[in-house]
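Convention: sequence-line order gives letters A, B, ...; per-chain numbering from 1.
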Amino acid sequence: KAGVTQTPRYLIKTRGQQVTLSCSPISGHRSVSWYQQTPGQGLQFLFEYFSETQRNKGNFPGRFSGRQFSNSRSEMNVSTLELGDSALYLCASSWGTANTEAFFGQGTRLTVV
Amino acid sequence: AQTVTQSQPEMSVQEAETVTLSCTYDTSESDYYLFWYKQPPSRQMILVIRQEAYKQQNATENRFSVNFQKAAKSFSLKISDSQLGDAAMYFCAYRSVREVLTGGGNKLTFGTGTQLKVEL
């Protein structure tokens with residue numbers, strides 16, 4: 001059974017540019033969550049999608065957006081990149097209920113220069 | 001809003017010894033799940049153990065066990081017979097049942113992590 005796949009693994013972008021990250025969940029999982037991990041702020045919840053609908057959103061500016069497709073694959077987009085957006089972005093997939101395990105991908109390391 | 005606190009940024013343990021990682025949380029809810037995740041250098045978060053708040057019995061998974069004190073809002077992880085492969089960052093996390101049931105999703109709220117070093 002394939003795990004959660006995030007692409008690309010590494011990305012370098014310039015301030016002001018935009019970026020799109022992709023996450024393919026485990027087959028059958030309908031929930032995809034995104035987290036930002038930085039040394040200063042730790043792991044912070046960005047948003048969660050379930051069956052193509054955003055169920056929850058963390059405290060991030062509107063430059064951060066996402067979507068989910070009918071096959072449950074999800075993308076997150078960051079527009080007008082800032083240096084502070086440099087982080088490891090982790091995607092997690094699950095069945096979407098409270099008691100189910102969230103399976104994480106290996107993350108996308110985004111560096112903004 | 002719920003918060004999760006891990007007060008030990010780093011811990012060290014000798015191989016084959018036992019170590020306990022601390023976690024406290026703050027919530028006004030009575031039904032929730034608590035998790036310990038491990039993040040090795042590969043960066044992939046791996047679930048170590050899960051505890052349902054309504055269960056009084058502490059969860060165990062092989063060498064890993066928890067001490068869940070609901071009234072004290074404490075959730076510590078004990079690793080027995082530590083191995084070199086246990087070296088990693090360990091995160092405590094909280095998930096609200098109410099939030100899931102009311103359509104708010106199943107987000108995890110994480111602590112700041114504890115870096116565990118295993119020494120020969």
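Interface remark: B/R95 contributes side-chain atoms only to the contact with chain A (heavy atom separation under 4.5 Å). For chain A, no part of B/T112 is nearby; none of its heavy atoms comes within less than 4.5 Å. Using a 4.5 Å cut-off between heavy atoms, B/L101 does not touch chain A at all. For A/L43, the parts lying near chain B are the backbone and the side chain together; criterion is any non-hydrogen pair under 4.5 Å. Contact annotation for A/E48: only side-chain heavy atoms (C-beta onward) come within less than 4.5 Å of a heavy atom of chain B. Using a 4.5 Å cut-off between heavy atoms, B/E99 contacts chain A through its side chain alone, with no backbone atom that close.
Between the A/Y49 side chain and the A/G66 main chain, a donor and an acceptor come within less than 3.5 Å of each other.
For A/F104 and B/Y37, the ring centers are positioned less than 6.0 Å apart. Between B/Y94 and B/Y32, the ring centre distance stays below 6.0 Å. Taking the six-membered ring where the residue is Trp, the centroids of A/Y35 and A/F45 are separated by under 6.0 Å.
By number of non-hydrogen pairs under 4.5 angstrom with chain B, the leading residue of A/G42, A/A102, A/S94 is A/A102. Most heavy-atom pairs under 4.5 Å with chain B, from the set A/Q6, A/R109, A/Q37, A/Q44: that is A/Q37. Of the listed residues (B/I46, B/L47, B/T109), the one with the most heavy-atom contacts under 4.5 Å to chain A is B/L47.
In the model, B/S96 has a side-chain atom that pairs as donor or acceptor with a side-chain atom of B/E29 under 3.5 Å.
For B/N62, the CG atom is loosely surrounded, since the number of other residues' heavy atoms within 6.0 Å does not exceed 12.
The cationic group of B/R43 lies under 6.0 Å from the six-membered ring centre of A/Y10 and within 45° of the ring axis, placing it in a cation-pi geometry.
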